[in-house]
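Letters A, B, ... mirror the listed sequences (proteins, then strands); counts begin at 1.
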Number of protein chains: 2
Amino acid sequence: MSNWENRPAWLRALPRPVPAELETPAAVAAWEAGAYFENRQISVSFRREEAMGEAYAIAQTPSGYEIGGGEAGLMYGAYALIFALETGTPVPRGVQKPYYALRMLDCWDNMSGEIERGYAGRSLWFEGGKFSYEPARIRQLGRMLGSVGVNVLCLNNVNVHQPAQHLIDSLLPEAASFASLLRPFGVRLMISIDFSQPIGDVGTADPLDERVQAWWAETAKKVWAAVPDLAGFLVKADSEHRPGPNTYHRTHAEGANMLARAIRPYGGKLVWRAFVYNCMQDWRDTKTDRPRAAYDLYKPLDGAFDENVILQVKHGPFDFQVREPLSPLLLGLERTPMAIEFQLAQEYTGQQIDLYAMPPMWREIFDQMGPERVSAVAAVSNLGRDGCWTGHPFAALNLFAYGLYAWNPQADPETVIRAWAKLTYALPENQTAALTGMLLNSRSVYEKYTANLGLCWMITPNSHYGPNPYGYEFQAWGTYIRADRNAVGIDRTESGTGYVNQYPAELKALYASPDTCPDGLLLFFHRLPYGWVMKDGRTLIQRLYDDHFEGCARAEAMKKTLESLDLPEPDRQEARERMEAQVRNAREWRDILNTFFRRFSGADDAQGRKIYD
Amino acid sequence: MSNWENRPAWLRALPRPVPAELETPAAVAAWEAGAYFENRQISVSFRREEAMGEAYAIAQTPSGYEIGGGEAGLMYGAYALIFALETGTPVPRGVQKPYYALRMLDCWDNMSGEIERGYAGRSLWFEGGKFSYEPARIRQLGRMLGSVGVNVLCLNNVNVHQPAQHLIDSLLPEAASFASLLRPFGVRLMISIDFSQPIGDVGTADPLDERVQAWWAETAKKVWAAVPDLAGFLVKADSEHRPGPNTYHRTHAEGANMLARAIRPYGGKLVWRAFVYNCMQDWRDTKTDRPRAAYDLYKPLDGAFDENVILQVKHGPFDFQVREPLSPLLLGLERTPMAIEFQLAQEYTGQQIDLYAMPPMWREIFDQMGPERVSAVAAVSNLGRDGCWTGHPFAALNLFAYGLYAWNPQADPETVIRAWAKLTYALPENQTAALTGMLLNSRSVYEKYTANLGLCWMITPNSHYGPNPYGYEFQAWGTYIRADRNAVGIDRTESGTGYVNQYPAELKALYASPDTCPDGLLLFFHRLPYGWVMKDGRTLIQRLYDDHFEGCARAEAMKKTLESLDLPEPDRQEARERMEAQVRNAREWRDILNTFFRRFSGADDAQGRKIYD
């Protein structure tokens, strides 16, 4: 079915499978170092210091290295050392510790075996309503996660479909077995729960009802008895038709705190997603503005959450679009622990067909937000049962890099990408540089041909791949561009929806005027006529055309770059096939968006390039 | 699960289930008449005359009636007599015989239990990859079909998915059992086959390969041994990714004739669908025009088909849109037997939620075409496992009426609708009239708010319910409206795609000029500026607005009419709920289309009505 054993992604230097008998990260560290350094005339020793926990420090010794750290720290140190030697980069100096204690991978795996918004094949652990996996492959998965420092895996989709409700009762023993495969790599399980689940037993899910509280307390007791190191529960409530506290006229704080109290005795975290908005919006209603929704809901609740609640906030106010401003919630809450949520699965960003390396985006986001604003990170997984694990072999970069950013939000994008490239492929230096450069620019390329100037949602409804500029225009999802013959974009300033008021003063001032608003967000915040003159002197319509032409031309150039790389098979073939699709896709985007906007605006391209009628 | 026994649709006057032991239409005739006339002081006798076949004649006798006819004719006569008495209309005089010998109902049932484009629940006879049905319900189905004169039921979807391929081998005994339930009602089975099926045994499906010919001959022998009265095979080949003779560079005549010869010894008909077009069209390509496809393909093959081939042609050149011109193939072939295909399933016409009575459309079509142009009729079924059989209880009208039009293509729409209404509901005369009038106008209402002036395909992609005027605009299906800031519509005249040249001279002349082209097809044949002055003096854009407003207002008026009817439950409740949805839907269509066209045209409504920005 798959050749995953031979597709070690960034673990190329560690070809031997980890033996099944290793039970702890320290044992993994010793074994990995033993295997790697065996024939390298370098001796590595370990110094265990429990208090260091996940942190580690690597010291040079006359014959090699000494790694100091806690249980997990020893393992992280071992991988860091191996990766540094493999990539020819300096061995980290001083104590290294993760910036975020909770580094979560959210898997949207359904027990049917399908993965919601999965682009790398079926689930690695569910099939036909049951657990179904190769233990060796799950160990390898644990190793991949451990090697980059991800320490929590949420097992099941936030949209909890039957029979995933039973992961906290009848399926607990199997969940516990599964957890034991990941535990040696410092990875703990988390489970997505269904807020309404007590209804079956006690007739209600009202968080203020004592029977409901008792039900969850009893459930938590059983769950943690089976999986004592479970990281916590993840909850999507009152969102896109999921049940939640609103059903009972309770606040989200009341709903989340009730669950948090049930799991607190066991050290569990209650991760509560803030992805809540009116998904039944009337397109005629220009007052309601989906990006406002989360701030409007949660800002008044700031400080009302228990301390083991984490509010998980998507990085932008919409839903993982190519470019969105930072969610104002991330800047606005002062007394609520938050996790920032990314999406490795490229739902709107090329679906692991088109290249889309995320490090530059993450760096921008962390720089703008300040990494201290949140206390945890989460990312929707891009993994699946495909041979290369991630659909496109290069998409593994995003998983690798996510782990590194969770340790160091100020990591340099180019350094991270280059590290992945060197670990994954043994290419000549000029080719490593070419691959790194191509990936470093890939988001910018994708943005140019699909969503320039902040015009998101011009994507095919439901599938979310390929252009359909008016496909979402009249739907209930709050996703409009409102293009007409004169203008395009949404006025989100005070004279419009007022969304800009949710930002701190400095950012508000920046975004509020089209003269200062960054080009990449111009039409996100402003409705402007096609003839609007941009900062660079070009008109808005010309800039729309230019970016679409440029993005597509750069995609075509990426194809040439790819063809120049001596990748191993099957990566070479897979990457080329997907690049063919990307270039086809880019041409569709270019031509459809250009035609769409010319049909509205009537403006010809200043350079006389082909725009179809 | 369902209360179908109590939902006799138009069989209200025949409440007792037909006993399982009746084996022939003549036996059914005798039993139905016996049950109906038992307490009515009318004596009915039968005179069998084999040569009359499906025809019948009803003679008045001193004490009642004598029905003369062949085996099936006696049954048709019995139902006709009962219906005439029930509706208070004259008993038919003289010999009555069906206009078309083959009156097919094509069921798009998959063996999974799903029905492709089914809006009345799951399959009545398949579930979970197997036959699964209530014999009594299938008998009642046979009775429904027999009572209106439908005489062939094609068992499975034209898109043949596994395991439906085995209906002609391992599943034959079960198909034969199923056939025996319909046979007493004069209904014969037909089976949709997969052109590529011989590949598994002989490695090719090339129609000129002797092994393939032998394979089909052997298969036909087995099939007709199991179901001796099987009506034939239905084939969708080289269409929407189905396999076909083009794979082997053979013509459709070569493909169809090969199959026809295999089944000819058993009197089987080979029904070959003409729904063939390029479903991978590039939207940039304005030369390719989907409506041209079937004529371009089949006109050169006219006369090349064996005599037991029937070419099944959809009534319009697209795909069951609200309004299309007649398929030019129906007017253009001279030496090829054809069936005209209708779609009772309201795929694009409201999905058995919105009211859409088809008799007025069929009458228009038959009048324009001349019923003698085709030798058979087919209709895609609107049936399913719902309690009322057809999703909306009123949608049963279309099945009822289809049978009547297959007997008499010149039937009067109002008379047919009234007959169904009287048979189905015992309403006071003024309410029967109101119901009849509402249904009679329902297509016109639906057309006004969804697809006026011949602008079809402005529908939500894939689901085909609700408005999305640009949803299909840049897709590969050949379905474009090409609206821009100046004009809308497709030029299909000689200066455009040349499609109009496929029509006989008189029609061509009519359609070729926007001055003579009927309003209902204006933008189907012409691309016109928004300011174009229509025959009634209004501008094109104003007419677009006016029709959308009018259609919606008439939908709202239909809701009032419906509320005035004393329908029995559950029909009353079901009809009202669906009417709520229709009115919501109509408002969406009105507002979205108006906004869409105003955003392009910039034109305000002359009457100052609300058009959203």
Side-chain angles (χ1 to χ4, degrees), chain A residues 280-287 458-477 479-491 496 527 529-530 541 584-585 587-604 610-613, chain B residues 280-287 458-477 479-491 496 527 529-530 541 584-585 587-604 610-613:
Chain A
M280 297 293 283
Q281 184 176 339
D282 188 333
W283 61 271
R284 300 168 188 81
D285 169 8
T286 54
K287 298 276 192 301
M458 296 190 291
I459 202 144
T460 303
N462 308 318
S463 81
H464 297 169
Y465 189 79
N468 195 332
Y470 243 30
Y472 270 120
E473 186 63 17
F474 300 103
Q475 298 209 8
W477 302 97
T479 50
Y480 314 113
I481 61 169
R482 304 198 189 272
D484 68 18
R485 71 200 318 261
N486 302 312
V488 61
I490 309 289
D491 181 359
R527 178 170 185 77
Y530 295 109
I541 185 68
R584 271 199 308 277
N585 189 35
R587 290 175 184 155
E588 283 295 287
W589 276 101
R590 174 196 65 193
D591 289 343
I592 289 173
L593 295 193
N594 283 345
T595 293
F596 177 81
F597 285 111
R598 197 174 63 170
R599 286 187 185 179
F600 272 113
S601 69
D604 287 327
K610 180 71 181 173
I611 296 179
Y612 294 84
D613 283 333
Chain B
M280 297 293 284
Q281 183 175 341
D282 188 332
W283 61 271
R284 300 167 188 83
D285 169 8
T286 54
K287 298 277 191 303
M458 295 189 292
I459 202 145
T460 303
N462 308 318
S463 81
H464 298 168
Y465 189 79
N468 194 333
Y470 243 30
Y472 270 120
E473 186 62 18
F474 300 103
Q475 298 209 9
W477 302 96
T479 50
Y480 313 113
I481 61 168
R482 302 196 190 275
D484 68 17
R485 65 193 267 123
N486 302 311
V488 61
I490 309 289
D491 180 1
R527 178 170 185 76
Y530 294 110
I541 186 67
R584 271 198 309 277
N585 189 35
R587 290 175 184 155
E588 283 295 288
W589 276 100
R590 175 196 64 193
D591 289 343
I592 289 174
L593 295 192
N594 284 345
T595 293
F596 177 81
F597 285 111
R598 198 175 61 170
R599 286 187 184 179
F600 272 113
S601 69
D604 287 327
K610 180 72 182 170
I611 296 179
Y612 294 85
D613 283 333

### Task
Tell me, for A/Glu588 versus chain B, whether the close heavy atoms (under 4.5 Å) come from the side chain, the backbone, both or neither.
both
### Message
For A/Arg485, run the side-chain contact (heavy atoms from CB on, under 4.5 Å) check against B/Arg599, B/Arg598, B/Arg485 and tell me which one passes.
### Response
B/Arg485
### Task
Against chain B, label A/Ser601 side chain, backbone, both or neither, depending on which of its atoms sit under 4.5 Å from a heavy atom there.
backbone
### Query
Considering only heavy atoms, which portion of A/Asn468 lies under 4.5 Å from any heavy atom of chain B: side chain, backbone, both, or neither?
side chain
### Query
Roughly how far, to the nearest 0.5 Å, is the CD1 atom of B/Ile592 from the CZ atom of A/Arg284?
6.5 Å
### Task
Please report the shortest heavy-atom distance between A/Trp283 and B/Tyr612, naming the atom on each side.
CZ3-CB, 3.9 Å
### Message
Classify the ring geometry of A/Phe600 against B/Phe600: parallel below 30°, tilted from 30° to 60°, perpendicular beyond 60°.
### Response
parallel
### chain A contacts, top residue of B/Thr460, B/Asp613, B/Asp484 (heavy-atom pairs, under 4.5 Å)
B/Asp484
### Task
Could you tell me the separation between the CZ atom of B/Arg482 and the OG1 atom of A/Thr595, rounded to the nearest 0.5 Å?
9.0 Å
